[in-house]
Amino acid sequence: MGVPYNHREIELKWRNEWEKNPVNVDDGKKQKYYCLDMFPYPSGNGLHVGHWRGYVISDVWSRYKLLNGHYIIHPMGWDAFGLPAENYAIKMGVHPAKSTAENVSNIKKQINEIAALYDWDMEVNTTDPDFYKWTQWIFVKMFKQGLAYEKQMPINWCPSCKTGLANEEVVDGKCERCGEEVTKKNLKQWMLKITEYADRLLDDLDKLDWPEKVKKMQTDWIGKSYGAEVDFKVNGREETITVYTTRPDTLYGATFMVLAPEHTMALSLATDDKKAEVEKYIYDASMKSNVDRLQDKEKTGVFTGSYAVNPLNGALVPIWLSDYVLADYGTGAIMCVPAHDDRDFEFATKFNIPIIQVIAKDGVAIENMTQAYTEAVGTMINSGEWNGMESSYLKKEGPAMIENMGIGKKTTNYKLRDWVFSRQRYWGEPIPIIHCEHCGCVPVPEDQLPLLLPEVESYQPTGTGESPLADIEEWVNTTCPVCGAPAKRETNTMPQWAGSSWYFLRYVDSHNKEELVNKEKAHNLLPVDMYIGGVEHAVLHLLYSRFYTKFLYDIGVVDFEEPFVKLFNQGMITGKNGIKMSKSKGNVVSPDDLVRDYGCDSLRMYELFVGPPELDSEWDDRGIEGVYRFLSRFWNLVLDNVDKNTEPTQEMIRLRHKMIHDITYRLENFSLNTVVSGFMEFNNKMIEMNKAGGIDKETLETAIILLAPFTPHLSEELWRTLGHQTSVFQNVWPVYDEKMMEETEKEVAVQINGKTKMVIKVAADISKEEAVKAGKEALGDKLTGELVKEIYVPGRIINIVAKQ
RNA sequence: GCGGAUGUGGCGGAACUGGCAGACGCGCUAGACUUAGGAUCUAGUGGGAGACCGUGCAGGUUCAAUUCCUGUCAUCCGCACCA
C-alpha cells in the first residue's frame with residue numbers, strides 16, 4: 001500500500017472513452033432533469049478555482065441525478081455580448097468579435113478539464129446571429145404588445161462606460177461594472193414595461209424553491225406598498241396637490257407638506273417674497289449628483305410661502321420643498337407627520353415646525369418628544385372623530401375611508417421602475433426598430449431578423465449619448481417597412497441582460513431555425529430544475545429572466561411561468577484573508593497546475609471540501625494534498641482486494657449500509673463538504689478492516705459508485721478493474737436498509753449531573769433500568785450524595801443526577 | 001438607520017429533532033522505512049500537573065446548551081430619505 005495513483009493516465013483514458021460512448025443518453029423513457037450553470041461571459045483572464053466551484057457542484061448534482069435514473073440536461077454557453085467583453089476588446093485593441101471567439105475557445109478548453117457532463121451540442125452564444133435573432137424577436141413581440149416603448153427622460157449615465165444604465169445596475173450611486181459615479185443624462189431611451197409584471201413577479205416568488213435571501217431581495221426591489229393618495233387644496237388657489245401616504249391614520253398629525261424640488265408645481269407655489277430663494281433651491285438641487293444627494297445627512301429645505309389645506313380638519317399646513325422627497329416615487333409630494341415619522345421629525349425640528357402627536361404610545365401622550373413614534377400601534381388622539389380608534393385599524397382601512405369621503409383614493413405603489421433597455425455601445429444586439437417620419441417607430445419585420453450587427457472600423461463609445469452605430473450611414477439609412485419612405489434605424493443596442501434573460505430556453509433546441517424553441521421540446525425538457533450560480537444576480541439576471549419567461553408564457557411560447565424551479569447560490573472562493581481573487585491583486589489561483597499535479601478528480605473533490613458550498617471560502621492550495629492522499633489510499637485499498645474474495649462480515653455489511661445512508665443524506669441536503677469528510681471516514685474504517693484480511697467486493701463496489709459523481713475517472717477505472725465491462729454510470733444509486741445499519745452494541749457516555757465521567761458499552765436494546773444499573777456499577781465510588789434522578793437516552797447517555 | 005448571515009483548536013471546518021464539543025482534513029511533534037525525502041507508514045496533537053476549564057461576550061431555561069430564550073459586541077453582505 002501507499003503508492004499514489006496515476007491520475008494523468010486514467011483521466012485521459014476515460015475522457016476519450018466517454019467521448020466515444022457518452023454516459024448520459026436520452027432513451028425517451030427516462031425522466032429529464034435540467035441542471036443549469038449560470039453561463040459565463042468569456043473573459044480573457046480564463047477560469048480560476050472559484051469558477052470551478054459552481055461548475056463542480058452542478059456536475060456532481062447532475063451525475064447524482066444521472067445515477068438516479070434521469071436523463072440529464074446540462075448545457076453550457078457564452079454570455080458574450082455586453083460591456084465586459086467590449087471593454088476587454090478595447091483594452092487589447094482587437095475587435096470584440098475576435099477577442100470573444102478567442103476567449104471562448106480558451107475557456108472551453110479549461111472548462112473541459114472539469115470533465116463535466118456538458119452537452120456541447122446544445123451550446124449557445126449570445127453573439128451568434130442565429131441566437132440573437134430570437135433576442136430581437138422577443139423585443140419585437142414586446143414592442144407589438146406595448147411593453148417596449150420609447151421615452152425621453154433623465155437616466156442613469158456612466159461617464160466611464162459612456163452608456164445609460166438600468167436602475168438595477170447602479171449600486172450605491174456607482175456603476176455596477178466599473179465603480180464610476182453615475183450621473184444623470186437626459187436621453188431618449190427604450191424602456192421595457194417590467195412594472196406591468198410587478199404583481200406577478202412578487203406573488204410567484206412564493207412558488208419558488210429559492211434561498212429566502214434572494215426572494216427577499218426581489219421582494220424589496222419590487223417594493224410594493226399599500227396606502228392612499230390624499231388631495232390637499234392649495235389655500236387661496238384652485239389647484240390641489242396629491243400626496244401619497246402609507247399612514248393615513250396619521251392624517252390629523254400632518255403639520256407640513258414637502259414637495260420634491262423637481263415637482264411641476266414647485267416654482268409656481270412660491271409667493272413673491274420667496275421666489276428668489278425657491279428658485280435657488282431648485283437650481284442647487286438640480287446640480288447635485290446622486291451620490292451627493294445620498295451623502296447629505298443633514299436635511300435641507302425651503303418654504304414656498306404657500307399653504308395647503310388638510311382635507312380632514314381644514315388646518316393650514318405650510319408647503320416646503322426638500323430634496324429628501326423623491327420626484328419619481330408616489331406623487332413627488334408628501335404630507336409630513338413629524339410625530340410619527342423619523343425624517344419628518346428631523347425636518348420639523350430643524351425648521352421649527354409644530355409637532356402634533358396623534359397616536360398615544362401605550363395609551364399615553366408623550367411629553368416633549370425627542371424622537372418620532374413610528375409604529376402604527378396605539379390609540380388615536382388629537383384626531384377629531386377618529387379619537388379612540390386603533391391606529392393599526394386606520395392604517396389598514398384608512399385608504400378606503402378616504403376614498404369614500406371623496407378626498408382621495410386608495411392606491412398601491414412600487415419601487416420597481418421600468419427597465420432602461422438601450423445602451424449607447426457597439427457590442428450588443430441592435431434594437432430592431434426603424435424610425436419613419438410618417439409611421440413612427442416600426443419594428444423590423446420578423447422574417448427579416450436577425451438584424452445583423454454591422455462591421456465597423458471604430459466601435460469605441462462616443463460618449464455623446466449616441467451609439468457608435470450612428471456613424472455608419474449606409475446602415476442607419478434604410479426604408480420604412482410599412483410605407484417605403486426613407487427612414488433611419490435605431491442605433492442603440494440592447495444591454496447584456498437581453499440574451500441572458502432567455503438563453504436557458506434555447507439550449508434544449510439550439511439549432512432550431514424556425515422557432516425560438518419547439519413547443520414539444522419546451523414542454524418536455526423545460527423548465528430548469530436546478531439553477532446554480534453566484535448570488536450577485538439576485539435582482540438583475542434573475543428578475544429579468546423571470547420577467548421574460550412570464551412574457552413568453554403570455555404569448556404562448558412556453559407553458560410555464562417560472563424559469564428556475566430551484567436555485568442554489570454557491571459562495572465565493574477568495575484568496576487569503578477573504579480578498580476577492582483578481583488579476584490586479586495577484587491572488588488568482590489557476591486550476592490548470594492543480595489538475596496537472598493532482599488530477600481533475602482531486603480538484604473536484606477539494607473544491608467541495610474547502611467549506612460549506614453556500615458560504616464563501618478562502619482558498620488554500622495545501623489542503624488538496626489531503627484529498628489526493630485519500631483517493632490514493634482508496635485506490636490502493638481496491639487494488640489490494642482485486643484478487644481476494646473476502647466474505648462480508650456483519651461489520652462490513654453495516655458499514656456499507658451506513659455509508660449509503662450517510663452519503664445520500666448529506667448529498668440530498670447539499671452538505672457537500674461533509675460528503676467528502678464522510679468518504680474519508682468510511683475509507684479509514686475500511687482500511688482498518690482490511691488489515692484483518694480484506695474487504696468484500698460489494699462494499700468496495702458500493703463505495704466506487706457513491707464516489708462516481710465526485711471522482712468520475714477514478715470510479716470508472718476502479719469499476720472496470722473489478723472486472724465490469726460497462727460504465728460505472730450504468731449503475732443505479734445504491735439503496736440502504738435501515739435495519740442493516742443497526743448495531744447490537746452501543747457506546748454510551750456515563751454522566752453525573754450532566755458531566756461525562758466515562759464511556760461504557762451496552763447492548764443496543766438495553767432497558768432503562770439495566771442501563772442505569774450498568775452505569776452506576778461503572779461509576780462505583782465516584783457516585784456520592786443523594787440520588788435525585790436517572791436519565792437514559794437510548795444509545796447515547798446515562799445521566800445520574802445526585803445532590804451533594 | 002433597517003434587514004440578513006456568520007462567530008467553535010495554530011488553520012479550513014464537523015456535531016442529526018438539546019444528549020460524549022473539536023469528526024474529517026491541513027499544519028505541527030516523535031518514530032519507522034530509506035542514499036535521500038516535500039513520498040509512504042505508525043503514534044500523538046484544545047488548555048491545564050491536576051480536580052477541572054473551554055464553542056465572540058454577559059445572563060437565563062434545563063438533569064444536560066455550539067444548539068433554545070434575553071441582552072450585547074465584532075465581521076461580512078443586502079437595502080438605504082420609497083413617505
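Proteins get letters first, then strands, A, B, ... in listed order; numbering begins at 1 in each. This structure is a prediction, so every number in the text was calculated from the model and none was measured.
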Checklist entry - Contact class for A:Lys224 vs. all strands (heavy atom < 4.0 Å): base, sugar-phosphate, or nothing? => result nothing
Checklist entry - Using a cut-off of less than 4.0 Å, is there contact between a side-chain N or O of A:Tyr665 and OP1 or OP2 of B:C16? => result no
Checklist entry - Counting any heavy atom closer than 4.0 Å, what does A:Glu747 reach on the DNA or RNA strands: base, sugar-phosphate only, or nothing? => result base
Item to check | Side-chain N,O (A:Arg629) to OP1/OP2 (B:U40) below 4.0 Å | outcome: yes
Next on the checklist: Rounded to whole Å, please give me the gap between CG in A:Asp597 and P in B:A39.
Outcome noted: 14 Å
Checklist entry - Between A:Ser677 and A:Asn799, who's closer to the 5' end of RNA chain B by nearest nucleotide? => result A:Ser677
Item to check | Interatomic distance at C1', B:G47 relative to B:U42, whole Å | outcome: 26 Å
Next on the checklist: Classify the ring geometry of A:Trp320 against A:Phe351: parallel below 30°, tilted from 30° to 60°, perpendicular beyond 60°.
Outcome noted: tilted
Next on the checklist: With the threshold set at under 4.0 Å for non-hydrogen atoms, list the residues of residues 666-674 of chain A touching RNA chain B in residue-number order.
Outcome noted: A:Asn673, A:Thr674
Checklist entry - Under a 4.0 Å N-O cut-off, is there an ion pair linking A:Lys691 with A:Glu688? => result yes
Checklist entry - Any salt bridge between A:Glu790 and A:Lys768, counting N to O under 4.0 Å? => result no
Checklist entry - Can we say A:Lys299 and A:Glu346 salt-bridge, meaning some charged N sits less than 4.0 Å from an Asp/Glu carboxylate O? => result yes
Checklist entry - Under the 3.5 Å rule, do the base of B:C41 and the side chain of A:Arg633 count as making a donor-acceptor pair? => result no
Checklist entry - Is the phosphate of B:A83, meaning OP1 or OP2, less than 4.0 Å from a side-chain N or O of A:Ser225? => result yes
Checklist entry - With both distances under 3.5 Å as the test, what is the Watson-Crick or G-U wobble partner of B:C76? => result B:G4
Checklist entry - Reckon A:Lys789 has a side-chain N or O less than 4.0 Å from the OP1 or OP2 of B:C63? => result yes
Item to check | Distance in angstrom units between A:Asn683 CG and B:A23 P, rounded | outcome: 18 Å
Item to check | N or O in side chain of A:Lys691 less than 4.0 angstrom from B:U42 OP1/OP2 | outcome: yes
Next on the checklist: Measuring to OP1 and OP2 of B:C76, would you say a side-chain N or O of A:Lys213 lies under 4.0 angstrom away?
Outcome noted: no
Checklist outcome for this item: Paired to B:G22 by Watson-Crick or G-U wobble criteria (both distances under 3.5 Å) is none
